[in-house]
Number of protein chains: 2
Amino acid sequence: MVRIKDIAKLANVSPATVSMVINNRGNISEATRKKVLKIIEELNYQPNNVARSLKTNRTRTIGVIVEDITVFSSPEIIHGINESADEHGMSILLTNLRVHRLIGNNFENFDRCKQSVMNAVEELLSRQVDGMIYIGIHNRDLTGLINIPKPVVFTYCSASGENQYSVNYDDELAAFEATEYLIQRGHEKIALISGLIDSIPSHDRFTGYYRAIREHGLPFNPVYVKTGDWEFESGYVMAKELLALADKPTAILAMNDLMAGGVLEACRECGVRVPEDLSVVGFDNREISFYFIPKLTTMGLPLNELGRKSVEILVRAIEGEPIPEKSVKLKCNLVERQSVMPVRDGLAIQ
Amino acid sequence: MVRIKDIAKLANVSPATVSMVINNRGNISEATRKKVLKIIEELNYQPNNVARSLKTNRTRTIGVIVEDITVFSSPEIIHGINESADEHGMSILLTNLRVHRLIGNNFENFDRCKQSVMNAVEELLSRQVDGMIYIGIHNRDLTGLINIPKPVVFTYCSASGENQYSVNYDDELAAFEATEYLIQRGHEKIALISGLIDSIPSHDRFTGYYRAIREHGLPFNPVYVKTGDWEFESGYVMAKELLALADKPTAILAMNDLMAGGVLEACRECGVRVPEDLSVVGFDNREISFYFIPKLTTMGLPLNELGRKSVEILVRAIEGEPIPEKSVKLKCNLVERQSVMPVRDGLAIQ
DNA sequence: CTGAAAGCGCTTACAG
DNA sequence: CTGAAAGCGCTTACAG
């Protein structure tokens, strides 16, 4: 490996001078700068970042802790983090907790994972990362989980604390817009299949749904609200119940794509055509929604943006710049496909 | 931050001694070892790995370059890498090339990405990684792409060169076993929907299919072999052609799950029941195959193992240990679900 | 069994 | 505009 010392010797200058031209600091005459650059080029010299880090006390690396990289949302968020980190000259030290593999969706058992979190944090700290990003797989409050003197931003989950930030998407607004989208197409009987009721997203999405209904002067019918558990099967079961109603809904909004898939399956079995007889809207825009038949219209999550925003905030925090909001919510965007049709003359599903 | 020097002072020993107890080296009396450990515990001291790396010339970090983290195979491979790296006390520096986003499946355009590869490699090198793992998104030969004095292993792609290794799954064996699985259930008219014909996997899988047919004394019927392009739509089109044949196949093996999904859709349209009238087997076991109706029987890829094996080999290479094979192929495992049925009395699909 | 010293490859005041 | 020197936090022969 060629060192700064070698370059200095060949260029007949001191190591300090070489360091300065590399970092564009100090006043260096154009002549020596060129001379040094030429040698660097010739020897294909690359500064040793480990040594640099030791001296500057900055590693330009972000520790990323992801609860489970195999969950659908994680890769796209990491994608965004990587993009933005690149642009900021930062690298990513990745740790995967495998939470989903360990406890599935039973977050009451999350305590079991806390030791892994601690280990990951310690390891990252001993590697002197400048800050951390924690990627959840379910939006919940993680305040107190991580306690370190460096900035950390939580995404797809949240936490409040000194030098801690959260970036998420706006669940309520998303559900509001999805519902409004249906209303604008003439639907008045809109059913909702919720996720597990104790979760923040379920709660916020219900609020958005309810607000859209009321703001448009529609009656709220509790019979149209069903609670599932985020899985395909529960969408199927709830849809069956909904389709058995005397006064059937003309549209169903499911709180995730999996349950929407279950709705589609129930319709197929009952001879209900989607979207002619019933419109269906999902949530998440995961890959699978594209392959459902019909292709599912669904609320897309700003995953890439979640990642990008997280590093933007983190970098500001690292630089010690002021950060306006401790918690930011990004907007979702509806992906229109083939599972929604305007209701005509009240004709849908009679 | 507390340093080794602080511990030494408090324990009334030299920094060298502290270093030795931390690293379990040299001969330290039980008494001083305990004394030092106690202080370390009390101050919650964490060694600075940056300093350590500078001195030892080992960072215990693996540079991972992934062509595209949003492609289905990548997260699970990274999952495996992370697991095994953890076990070896290594960390992962992750770089995402976003190749799929940039060029899709048109690998003739890969030249455009080479600059990103170079940048990633340089960055990783300047961060002094001990070795690298390159995760492809399509099995092809990448010899010459990376040229560095450190070991690198290629997975889901391959390359040969000094200190370079490849780990993949065995395409031919997988196709052989999938075909044999069908034959063992009485199928004799087995169609194959291939991926793009210029790809290594297509070629190897065809070979496996052909070998199974012949080894079981069945006639090879070229009419049963169709070429798709890996996409859903092509599976649909090819299945339609196959179903229009006078002498229809009783089973279709598709070279990936997407095309198998297309087959399922074609069957639905034509009133062909799966698996009663036609058995279908996919390839990849991506998440989506679980949600197809019927749930797809498919050849599962050993993605996690690909990742694990990659770091095992890399670690050996880093340690300078001998590595038996430059290229290793792992076995795939069939995931049995609901799209295959034994053929009875030649009754299938008449 | 333990300590003093040198050094890993950089950067950064400081002096000139 | 440039160089000599100190030091970041460790580890590792070497001496005792």
Side-chain angles (χ1 to χ4, degrees), chain A residues 1-37 39-40 43-61 89 91 122-130 149, chain B residues 1-37 39-40 43-61 89 91 122-130 149:
Chain A
M1 232 31 327
V2 23
R3 298 147 304 161
I4 221 174
K5 200 196 287 185
D6 305 317
I7 305 292
K9 193 164 291 172
L10 287 173
N12 257 316
V13 296
S14 74
T17 302
V18 176
S19 172
M20 284 172 136
V21 347
I22 290 171
N23 296 298
N24 271 319
R25 298 169 127 274
N27 268 2
I28 306 285
S29 75
E30 202 44 32
T32 74
R33 135 174 261 91
K34 278 213 171 115
K35 186 171 54 176
V36 170
L37 252 16
I39 312 261
I40 286 179
L43 298 204
N44 190 25
Y45 166 73
Q46 287 290 124
N48 180 330
N49 266 313
V50 170
R52 181 183 286 181
S53 293
L54 180 60
K55 186 66 191 151
T56 58
N57 206 22
R58 277 275 250 124
T59 51
R60 288 174 26 250
T61 112
S91 289
E122 298 267 272
E123 176 66 23
L124 258 15
L125 236 30
S126 89
R127 284 174 182 274
Q128 314 296 119
V129 297
D130 296 333
Chain B
M1 234 26 334
V2 22
R3 299 147 303 161
I4 222 172
K5 201 198 284 184
D6 305 316
I7 305 292
K9 192 164 293 175
L10 286 173
N12 257 316
V13 296
S14 73
T17 303
V18 177
S19 172
M20 283 170 137
V21 346
I22 290 170
N23 296 298
N24 270 318
R25 298 169 128 274
N27 269 2
I28 307 284
S29 74
E30 202 44 30
T32 73
R33 133 174 260 93
K34 276 209 172 121
K35 185 171 54 177
V36 169
L37 251 16
I39 311 260
I40 286 178
L43 299 203
N44 191 23
Y45 166 74
Q46 287 291 124
N48 180 328
N49 266 314
V50 171
R52 182 183 286 182
S53 294
L54 180 59
K55 186 64 191 155
T56 58
N57 205 22
R58 276 274 249 124
T59 51
R60 286 171 30 248
T61 113
S91 288
E122 298 266 275
E123 176 65 23
L124 258 15
L125 237 29
S126 90
R127 284 173 181 275
Q128 314 297 121
V129 297
D130 295 334

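All heavy atoms count here, side chains included; hydrogens, waters and symmetry mates do not. In what follows, chains carry the letters A, B, and so on, assigned in the order in which the sequence lines appear, proteins first and then strands, with residues in each chain numbered from 1.
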Pairing string, 5' to 3', for DNA chain C - Watson-Crick or wobble contacts under 3.5 Å, brackets [ ] where pairs cross, | to another strand: |||.||||||||.|||
In Å and rounded to the nearest 0.5 Å, what is the CG to OG1 distance from A:Leu37 to A:Thr32? 9.5 Å
Under 4.0 Å between a Lys/Arg side-chain N and an Asp/Glu carboxylate O for A:Arg3 and A:Asp6? yes
Rounded at 0.5 Å granularity, tell me how far CZ in B:Arg127 sits from OG in A:Ser91. 3.5 Å
How many angstroms lie between atom CG of B:Asn12 and atom OG1 of B:Thr17, to the nearest 0.5 angstrom? 11.0 Å
Across the strands shown, which category fits A:Val50 at heavy-atom distances under 4.0 angstrom: base, sugar-phosphate, nothing? nothing
Can you measure from OG (A:Ser14) to CE (A:Met20) and round to the nearest 0.5 angstrom? 8.5 Å
Out of curiosity, A:Thr56 OG1 to A:Asn49 CG, how far, rounded to the nearest 0.5 Å? 8.5 Å
Just by distance, do the side chain of B:Ser126 and the backbone of A:Asn48 share a donor-acceptor pair under 3.5 Å? no
Check this for me: A:Arg58, atom CZ, are more than 12 non-hydrogen atoms of other residues, nucleotides or ligands nearer than 6.0 Å? yes
Would you say that A:Arg52 contacts A:Asn23 through its side chain, given a criterion of any heavy-atom pair below 4.5 Å between the two side chains? yes
Closest to the 5' end of DNA chain C, once B:Thr56 and B:Ala16 are matched to their nearest nucleotides, is B:Ala16
B:Asp6 near the nucleic acid: base, sugar-phosphate alone, or nothing, with a heavy-atom cut-off under 4.0 Å? nothing
So, with a heavy-atom separation below 4.0 Å from DNA chain D, the residues of residues 19-37 of chain B are B:Ser19, B:Asn23, B:Arg25
Considering only heavy atoms of chain A and a distance under 4.0 Å, specify the first and last nucleotide of DNA chain C in 5' to 3' order that meet this criterion. C:dG9 to C:dT12
Point-to-point distance, once rounded to the nearest 0.5 Å, from CD of B:Gln46 to CE of B:Met1: 8.5 Å
